[in-house]
Novice: 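Quick one: the structure is below, and I'll ask about it shortly.
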Amino acid sequence: MVAVTSSPPLSGPEQVAARLFRLSIGVFFIGGFLTSSVSLLVPRLKLMLDLDYKGALLVQLAFHSSYMLFALPITWAIVRAGYMRAIVAGLAVITAGCLALTLAQNALSFAMVLGALLLVSAGQTFLQIASNTVVAVIGPSRGAARRLTLLQGFNSLGTVLGPLLSAPLLLGELDAQAARHVGATLPFTGTALVTGLLAFAYFRNRTLLEGDGLRRFAAIGQMFRVMQSPRLRWGTAAIFVYVGAEVAIGALLPAVLMRPDRLDAAPVLAGQLVSLYWGGAMAGRFLGAWAMRRIAEARLLTAVSLGAVILTMAAIALPGVAGAGALLAVGLCNAVMYPTIYALALPDDERQAPVASMWLCMAVVGGAIVPLLTGALADATALLPALVLPAACYAFIARFAALCARPQETRP
């Protein structure tokens, strides 16, 4: 008779880490869904309100500027309230922002849309700073990378489903081939429902991490001292340009795909094809995790960033399907950039990691600045030549990666 053995029950800390991981799945997924859905507001508002590229890309300025405007006070709030209560606050703010965005769309008020997006951005800033760090520090340290990689996979799943589900709703009114027009506010009312439920779930577990001093950030006074590290300064700049390039391309992709000299796609189809861009990032994460077992992280980052430069320039030069496919393929190169830059930029002293992560999260404001500059360049020249700016951003990342690939004593 064969004895049947069962897995040993999880201990207290392991139970806490497992419950936190389950809660985090929803946060990472809805964050990805919301980010890619907001990008579709750029072509929607540009065509409906007859905006130029710079005006339409104010959407990304509003959606990402909170990382610069509110990161310091939000970090202070996290220090005071703790991770779980801070995540509750962030989810509640996103819920309110999505409902406000629904009202703004119904009113066709661009100013109200920008205000609502800034509110959503403030909630995202809470989640970006608190969720990424708490998942890394709660649970066995050896499993931190695996936990973050799995959660980033759920985030990527959200970014893929966002265009597929939201494009017919947000762009249907602009598409003469669309069979019927349904509510363009549904992606954001649905997001508000999900974030409201998640806020309730986190509120019920608000005491989950109490009693452990490691669950909170280091002292506020360390925030500026940690930036004495050249590697962190370079890494913060690399995050800035990476997020800026990724968001700029994702926001302008529908306009590129609708061009007669590329795919001449209808608005809804162009919006849905953006899911291939985000899907490349999802697939690339798994490929990157496999490749990192054989290739040094800095060398892999150098390769993918140079690949992004080549693909972006090819998208400018090549007509038809080749040019469109090259720009969509940039998503595959984007896949490993954020986590790799993040890991390479962190200081060696683990006690400084939470404060350093705040600066790296603040650098996400590049998603506000670089798209706006790209839009201004598109208005001054043309859409395709403006993609030179994202290409230059990827070249900067290649430079950072090359510096990190140097021997330890010569690194920045």
Side-chain angles (χ1 to χ4, degrees), residues 29-66 69 90-125 127 158-159 161-200 247 250-255 258 266-272 274-275 367-368 371-372 375:
F29 172 83
I30 201 62
F33 180 90
L34 181 59
T35 297
S36 58
S37 296
V38 165
S39 291
L40 295 178
L41 286 175
V42 174
R44 171 180 171 79
L45 295 173
K46 183 182 187 302
L47 294 174
M48 290 194 70
L49 301 180
D50 195 26
L51 302 171
D52 57 17
Y53 285 110
K54 183 174 68 175
L57 284 163
L58 286 173
V59 165
Q60 297 296 358
L61 176 67
F63 189 61
H64 289 87
S65 58
S66 172
L69 296 175
L91 289 166
V93 171
I94 291 175
T95 302
C98 286
L99 294 176
L101 186 55
T102 298
L103 296 176
Q105 284 186 269
N106 287 330
L108 279 180
S109 169
F110 191 47
M112 288 178 62
V113 167
L114 296 180
L117 286 172
L118 185 61
L119 186 61
V120 173
S121 175
Q124 288 272 67
T125 305
L127 300 186
T159 61
L161 291 179
L164 290 175
L165 299 178
S166 299
L169 302 172
L170 291 172
L171 303 178
E173 297 173 50
L174 313 175
D175 193 343
Q177 300 177 19
R180 61 190 180 95
H181 301 151
V182 292
T185 59
L186 284 178
F188 304 110
T189 52
T191 298
L193 177 62
V194 173
T195 53
L197 292 172
L198 285 170
F200 177 72
V247 171
L252 293 173
L253 250 174
M258 286 188 283
V268 169
L269 177 60
Q272 290 179 317
V274 176
S275 64
L372 190 64

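Since the structure is predicted, the reported quantities are computational estimates derived from the model, not experimental observations.
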Novice: Of Leu118, Thr125, Leu58, Leu117, which is the lone residue that meets side chain to side chain contact (heavy atoms under 4.5 Å, CB included) with Ser65?
Specialist: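 That would be Leu118.
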
Novice: Would Leu41 and Leu101 count as a side chain to side chain contact (heavy atoms under 4.5 Å, CB included) here? Give the steps.
Specialist: CA-CA 11 Å; Leu41 286 175; Leu101 186 55; 4.3 Å; yes

Novice: Taking C-beta and beyond as the side chain, do Thr195 and Leu34 meet within less than 4.5 Å on heavy atoms?
Specialist: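 The answer is no; the side chains never approach within 4.5 Å.
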
Novice: Are any non-hydrogen side-chain atoms of Leu165 and Phe33 less than 4.5 angstrom apart?
Specialist: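 When only atoms from C-beta onward are counted, Phe33 and Leu165 do touch, with a gap below 4.5 Å.
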
Novice: Looking at every heavy atom in both Gly271 and Ala167, which two are closest together, and how far apart are they?
Specialist: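 That would be C-CB, 3.8 Å.
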
Novice: Do the side chains of Leu91 and Phe200 get nearer than 4.5 Å, heavy atoms only?
Specialist: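 Phe200 does not reach Leu91 side chain to side chain.
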
Novice: Provide the closest heavy-atom pair for Pro163 versus Gln272 in the form atom of the first, atom of the second, distance.
Specialist: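 Closest approach of Pro163 to Gln272: O-CG, 3.9 Å.
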
Novice: Does Leu169 reach the side chain of Leu40, with side-chain heavy atoms less than 4.5 Å apart?
Specialist: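 They are not in contact (no side-chain heavy atoms under 4.5 Å apart), so the answer is no.
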
Novice: I need the minimum non-hydrogen distance between Ser121 and Phe63, along with the two atoms involved.
Specialist: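 Here Ser121 and Phe63 meet closest at OG-O, 2.8 Å.
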
Novice: Just so I know, are the side chains of Ile94 and Ile30 near enough to count as touching, which here means a heavy-atom distance under 4.5 Å?
Specialist: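 No, too far: nothing below the 4.5 Å cut-off.
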
Novice: Tell me the closest heavy-atom pair linking Met112 and Ala107, and the distance in Å.
Specialist: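 Result for this residue pair: SD-CB, 4.3 Å.
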
Novice: State the OG-CG distance between Ser36 and Leu164, to the nearest 0.5 angstrom.
Specialist: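 These two atoms lie 9.0 Å from each other.
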
Novice: Roughly how far, to the nearest 0.5 Å, is the CG atom of Leu252 from the OH atom of Tyr53?
Specialist: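 Going from OH on Tyr53 over to CG on Leu252, the span is 7.5 Å.
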
Novice: With side chains defined as the heavy atoms from C-beta onward, is the minimum distance between Leu171 and Pro43 less than 4.5 Å?
Specialist: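 The answer is yes; the side chains approach within 4.5 Å.
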
Novice: Please report the interatomic distance CG(Leu372) to NE2(His64), rounded to the nearest 0.5 Å.
Specialist: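 It comes to 12.5 Å.
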
Novice: If every non-hydrogen atom of Leu170 is compared with every non-hydrogen atom of Arg44, which pair is closest and at what distance?
Specialist: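 Shortest heavy-atom contact: O-NH1, 2.8 Å.
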
Novice: Between CG of Asp50 and CG of Leu45, what distance do you get to the nearest 0.5 Å?
Specialist: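 Going from CG on Asp50 over to CG on Leu45, the span is 12.0 Å.
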
Novice: Is there a side-chain contact between Phe110 and Leu51 (heavy atoms, below 4.5 Å)?
Specialist: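 In short, these two side chains touch, coming nearer than 4.5 Å.
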
Novice: Pro254 and Ala270: which non-hydrogen atoms are nearest, and at how many Å?
Specialist: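 Smallest heavy-atom distance, with atoms named: O-CB, 3.8 Å.
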
